[in-house]
Amino acid sequence: MKVISSLQFTFISIFLLLSTKVFTITPYVFGYAGKDSIWSMSFGALIDLAILVLVIVIMQKNKEITFFELLKKSFGTIIAKILLCFLFVFILLKALFLYQETHSFFLQILFDEFPLLLYVIPVLFITGYFAVKGIDTIARSIEIFAIFVLIGVIICASTAVNDANFNYLLPFFEDGIGPSLDGLWAQMFYRGNPIILLCFMGKVEFKKHFNVKFILSNFILLLMLLGTALLFYMVYGPSARYVEFALADLPQYDPFVSDLGRFNWLSVVVCTFALFLTSSVFLYCLALIGRWILGLKRSIIPIGISLTMVIILALINQFSLPLMMERIANEWLWINASVLFLYVLLSFGLLIFRRKNE
Amino acid sequence: MLTKSLQENIKQLKKLYHDSDDLKTREFVSFSSIKTAIAYIDGSVDKPFLISGVVEPLQKAEEIQKRDIAKFAMEKIVAYAQAKTETDIHTIISNMSNGFCVVLFDNCETAICVDSTKWTVRLPSEPPTSAVINGPREGFVEDLTTNVSLIRKRLKNPDTIFEKLEIGRYTKTQIRLCYIRGIVCPEIVKKIRKKLEAIDIDGIVDSSYLTAFLEDRKHSLFKMVGTAEKPDIITAKVLEGRVAIIVDGSPIVLTLPFLIIEDFQNSNDYYGVSAKATFLRWLRLVGTLIAIILPGSYVAIMQYHYSIVPIKLLISIANSIQGIPLSPFLEILFVIFLFEILYEASLRMPRYLGLALSVVGALILGDTAVKAGLVSPPAVMIIALTGVMSYTVPEQTGQISCLRLIFTFLGGIFGFYGILLGSMFLIGYLVSIENYGAAYLAPLAPHFHNDQKDAFNKKPITAQITRPTSFPNVNNRRLRK
Amino acid sequence: MNKALKYKIVVWFIIGFLLIFLPSAVTTPSQIQTKSIVLGIGIDKSDSEMLEVSAQIIIPQQSTNYSPKNLIASAEGNSLIDAIFNIEAEIGQRLGLAHCYVIILGDEICSENIPEILDFFIRSNIMGNNSSLVHTSGKAKKLLETSAQLSASDVNNLQNITKYNRKNNIAADTSFIDLFNEYLSPAPFSLVASISVDESESSSSESSSEGSSGDSSSSSSSATNSPSSTVLKNDGSAVVFKKGKKLLTLNKDQVIKFNWLETKTQRGLLTIEHFTNNILNDVNITLKQISKSINFNAKIVNNTPILKLNIALETTLDVIENPEGDLYTIHYNYFDNAFRNAVQNKVKQDIADALSISKINNFDIMNIYNIFNTSNHQEWKKFLSTLENPENYMERVEIEVNTSIVDRK
């Protein structure tokens with residue numbers, strides 16, 4: 001069984017948290033929560049952190065077995081496979097969203113025209129390559145790119161600091177707490193990525209003081225993402241709803257910065273590396289779950305199945321981000337929120353079950 | 001086997017060498033009455049010493065009545081450091097090929113093989129690609145013995161082992177595996193030895209022949225085996241737990257396991273200030289990345305994403321590319337082609353013409369092509385810059401050239417998207433390579449904290465207490481305080 | 001399937017994929033040839049009541065100097081994007097708006113709802129969000145043409161002026177994003193700087209243009225034979241927009257008065273006229289403002305919004321006109337309590353004037369609404385609910401000013 005180091009595992013979790021939080025989420029939440037969006041984002045970040053803590057506790061208590069083996073032991077094979085099917089759907093929708101977001105991103109930011117085939121084939125090839133190579137390759141690649149992605153996010157955000165206007169956020173809770181809760185519910189599709197870390201159970205080499213370092217790193221990342229969202233709302237104010245890709249538009253604001261060129265190409269770099277590597281993680285997890293469900297030894301068939309499902313779903317959505325956002329706001333939100341809720345309950349159940357056994 | 005008849009033995013030797021002209025024999029009388037002959041390969045022996053150390057003493061020796069004349073002669077008469085008796089004709093042939101001379105006696109089935117090797121070799125000098133400001137300037141030569149001695153001079157501990165191997169049906173090339181018992185991981189030595197012993201080839205002309213057999217990935221663009229031309233570098237690598245492979249006839253010594261970070265390290269880094277070494281390593285890394293990505297990025301930006309460029313620079317570039325008939329992609333390919341031709345021609349040119357060719361190439365081809373409107377100044381500047389930058393890491397020049405071309409294609413076809421995906425694929429490919437228990441991109445990925453002291457943030461030697469953990473070794477402590 | 005075969009399939013797939021797309025890479029020209037570089041956009045109302053959009057386009061030319069040749073191309077359309085498409089058809093190239101640094105609004109078009117017109121730019125990414133917004137008293141096309149005549153080496157060029165305005169916050173809303181933000185806020189008032197073309201004075205600056213706008217390939221752009229004395233006038237005036245439409249124009253002195261409440265405006269001059277104290281008699285003193293900080297205190301007392309301002313100024317002496325006596329003594333001793341009171345009164349008067357203008361014309365560019373809404377949200381809502389027309393809240397507002405001034409010698 002291949003083992004990834006605790007540092008690599010931390011970076012994977014950072015990428016999972018970061019990937020869906022830098023582009024479309026901030027303007028999307030603004031559409032629901034308005035000025036209180038930052039509070040919605042904060043509550044959402046707390047949910048992510050709580051799920052992260054829960055997941056890491058379960059993983060620490062079951063270091064030597066995989067998630068599938070744990071579910072089998074606790075609930076039996078059939079129920080385990082059914083539960084895994086839910087997780088499969090959860091990850092599939094997120095993977096599809098990432099692919100679509102990236103396509104729209106490139107279409108909007110970099111290219112005037114971007115033929116679909118030109119996008120689809122290379123990206124599926126690359127993410128498929130990473131998924132086939134295994135978690136070792138993905139983890140090491142993330143180790144290399146992580147620092148550049150984080151620096152890119154910080155630079156993109158910091159270019160807009162001068163133009164931030166705190167008054168755009170005031171007054172807090174102007175219309176009560178309702179809008180921020182609306183915003184919190186709306187973003188539930190984007191949240192809950194730490195659940196996916198359960199797939200790495202039994203593959204991580206935990207070191208001393210791992211828990212503290214891991215939680216602290218992710219907490220700092222969440223703060224950083226919140227800071228980026230805060231800057232975005234403070235810079236764009238009421239116009240935030242019009243902007244589609246938050247991180248790409250933040251460096252665009254200052255005309256003196258843009259004398260040096262368009263810094264949003266930095267966000268392109270961030271986007272590509274972070275999102276594609278996260279897509280590879282998703283694809284790997286889909287392959288792993290597929291292997292567990294179908295009882296296969298090799299990953300190539302589940303990867304093929306996952307990629308086919310991604311393409312079919314994308315075609316159903318006509319490869320259109322606005323259409324997908326609409327689905328996200330309706331059906332997919334409920335699907336993912338339900339799976340998230342189910343898995344949170346499941347995690348608590350596993351902990352209690354284990355405690356009883358002990 | 002040898003016979004008792006001297007003439008028969010000489011005939012046998014000549015037959016086995018197919019009457020080759022460089023097989024020389026000289027008959028004389030030793031011990032006053034015994035017919036004797038020496039045989040040697042012309043050009044491989046120290047003739048004056050042969051005469052004074054072998055022939056003359058034998059000629060002057062008094063008559064004796066001994067059964068085993070060869071053994072007596074070897075023990076009492078022949079004044080030479082290394083000599084042994086042999087009876088097997090094939091062993092004798094093998095020794096002669098390695099510069100030994102053979103002394104044959106009439107009525108004796110035993111011959112003496114005397115190590116009188118003196119090949120024509122050049123003196124150790126500073127290799128051109130490993131010049132240093134401070135530090136040793138000795139470099140390896142084509143002679144195995146000299147090379148071994150250069151290493152032994154530095155590694156005097158008896159745990160330093162030089163294991164002998166011979167490869168090549170016709171060349172019978174001598175190979176030495178050099179490692180330190182108690183530091184190197186025995187599994188690595190075993191694996192290397194097994195691979196080398198499995199080679200059944202006509203000949204090994206240079207150490208690079210062996211790299212193909214030693215690599216785990218046969219078709220990779222990237223080298224899997226380290227190389228060095230200086231004994232101080234090899235000594236340092238062996239002390240870290242690597243195995244050095246010295247090949248007779250080649251000044252390039254191979255080392256395994258190999259990590260790509262080694263090519264970014266230069267011996268100058270260890271003989272100067274650490275802070276400067278850190279700066280220079282980062283410079284090499286940045287230079288390499290720019291050399292690979294810049295042409296492709298230029299093509300991508302000019303064909304698809306000019307909005308990234310600041311306005312003043314964009315106007316300058318727009319002005320300078322007016323009237324160029326080729327697309328940016330073809331333009332860059334054309335300039336790359338020009339420069340590669342120039343490079344290749346300058347390697348083949350006689351030295352006294354090389355300077356003239358550089359002037360012709362640089363000034364006339366570059367300048368005239370721009371004035372003729374075939375290519376634009378930015379394209380020439382970019383390729384010239386990347387050409388210079390690719391030599392910040394000379395060992396990777398070939399790889400950088402290939403990657404530069406690949407990224408140019410990606411940039412031309414897919415724009416910045418292609419560049420980014422290409423980078424991801426490249427990194428993904430590199431991190432998946434493992435050879436001899438070491439990850440290729442270690443200590444960057446996987447991250448080995450301990451090894452960062454000699455990666456891109458070089459620390460002084462006093463801080464490098466342990467050996468690298470990026471590859472296996474059995475004793476990781478190298479500095480005791 | 002063995003490893004070698006798999007490897008071959010993958011390699012040949014990659015090579016095949018690249019070869020399929022290789023012709024497109026070979027034949028794709030430089031984007032500069034298919035997409036023009038637009039520096040500025042001007043929007044006017046045409047005679048036929050349609051939108052007339054003008055674009056200042058850079059024409060590359062083989063030259064070693066940085067001397068861009070400009071072309072002004074314009075076309076009409078029912079909407080912004082319609083007009084842009086028409087321009088593209090005229091010039092045979094797409095418009096690349098990524099480097100567009102300014103959007104100029106002609107005076108006539110400002111009677112329309114500007115955010116509705118510019119709505120396309122904010123939703124798409126074809127133009128950066130940092131483009132400056134500028135109003136001109138005449139036609140936007142005229143301003144663009146004048147700007148095009150001035151080369152980059154001329155100091156008095158539009159790019160420098162818009163940057164200066166932005167940096168020194170001459171008018172509060174200097175980018176089109178700011179206009180949108182104000183338009184979408186509860187108090188939809190914006191202040192946009194105004195730049196005009198001055199043809200009256202003969203200028204000493206040479207219009208050393210490398211290109212003339214007469215080279216236009218667009219049939220609807222006129223060849224302009226502007227006199228070489230044309231310059232851009234940035235006199236500090238600004239235009240007030242209410243709900244995206246022009247309300248009135250403020251001159252420089254009026255804008256300065258309104259800028260007292262702008263925290264971002266740090267530079268300025270303060271003139272005390274007819275000042276008399278122990279050592280000075282009826283002189284005009286001008287101070288240069290180095291920095292300013294404002295402390296707002298908003299309260300609603302007896303259904304009256306009262307805004308208390310504590311303004312802390314740092315100044316340095318600029319000039320004292322016609323002083324009598326030893327200059328050295330005057331310069332070191334002019335700053336006494338009497339002078340402080342005079343400054344206080346001056347600032348109070350300025351702010352009172354600004355408030356008066358606001359009340360008369362019923363606009364709020366001093367951010368009164370936001371100040372009260374953020375600091376006293378509940379009371380403010382209650383106050384608004386008591387008004388017959390909540391939009392007329394400015395009628396009741398009172399401002400009390402307290403100024404402290406520090407002289408930096």
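Residue numbers start from 1 in every chain, and the chains themselves are labelled A, B, ... in the order their sequence lines are given, proteins ahead of strands.
- Highest contact tally toward chain C, considering only A:L169, A:I121, A:N165, A:V235, is held by A:I121 [criterion: heavy-atom pairs under 4.5 Å].
- Closest approach of A:Y236 and C:N181 over heavy atoms only: O-OD1, 2.6 Å.
- Neither the backbone nor the side chain of A:Y129 comes within contact range of chain C; no heavy atom of the residue lies under 4.5 Å from a heavy atom of that chain.
- One finds the CZ atom of C:F13 at 7.0 Å from the CZ atom of A:F125 (value rounded to the nearest 0.5 Å).
- Using a 4.5 Å cut-off between heavy atoms, A:Y168 touches chain C through its side chain atoms alone.
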Checklist entry - So A:F166 and C:T374, side chain to side chain contact (heavy atoms under 4.5 Å, CB included) or not? Walk me through it. => result CA-CA 10 Å; A:F166 189 66; C:T374 52; over 6 Å; no
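- Annotation for C:K381: atom NZ counts as buried by contact number, over 12 foreign heavy atoms lying within 6.0 Å.
- With a 4.5 Å cut-off on non-hydrogen atoms, C:I14 touches chain A through its side chain but not through its backbone.
- For CZ of A:F114, the number of neighbouring non-hydrogen atoms (other residues, nucleotides, ligands) closer than 6.0 Å is greater than 12.
- C:S175 OG to A:D163 CG: the interatomic distance, rounded to the nearest 0.5 Å, is 8.0 Å.
- Across A:E244, A:R241, A:E174, the residue that shares the most heavy-atom pairs under 4.5 angstrom with chain C is A:E174.
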Next on the checklist: side chain to side chain contact (heavy atoms under 4.5 Å, CB included), that's the test. Do A:D112 and C:Q31 meet it? Break it down for me.
Outcome noted: CA-CA 11 Å; A:D112 295 330; C:Q31 203 182 28; 3.4 Å; yes
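- Interface remark: C:N367 contributes no atoms to any contact with chain A (heavy atom separation under 4.5 Å).
- Scanning both residues, A:S239 and C:I122, for their nearest heavy atoms gives CB-CD1, 3.7 Å.
- Taking chain A as the reference chain and counting heavy-atom pairs below 4.5 Å, the highest number among C:F21, C:Y183, C:F180, C:Y101 is found for C:F21.
- Taking 4.5 Å as the limit, every side-chain heavy atom of A:Y242 sits out of range of all side-chain heavy atoms of C:I177.
- Of the two parts of C:N373, the backbone and the side chain both hold a non-hydrogen atom closer than 4.5 Å to a non-hydrogen atom of chain A.
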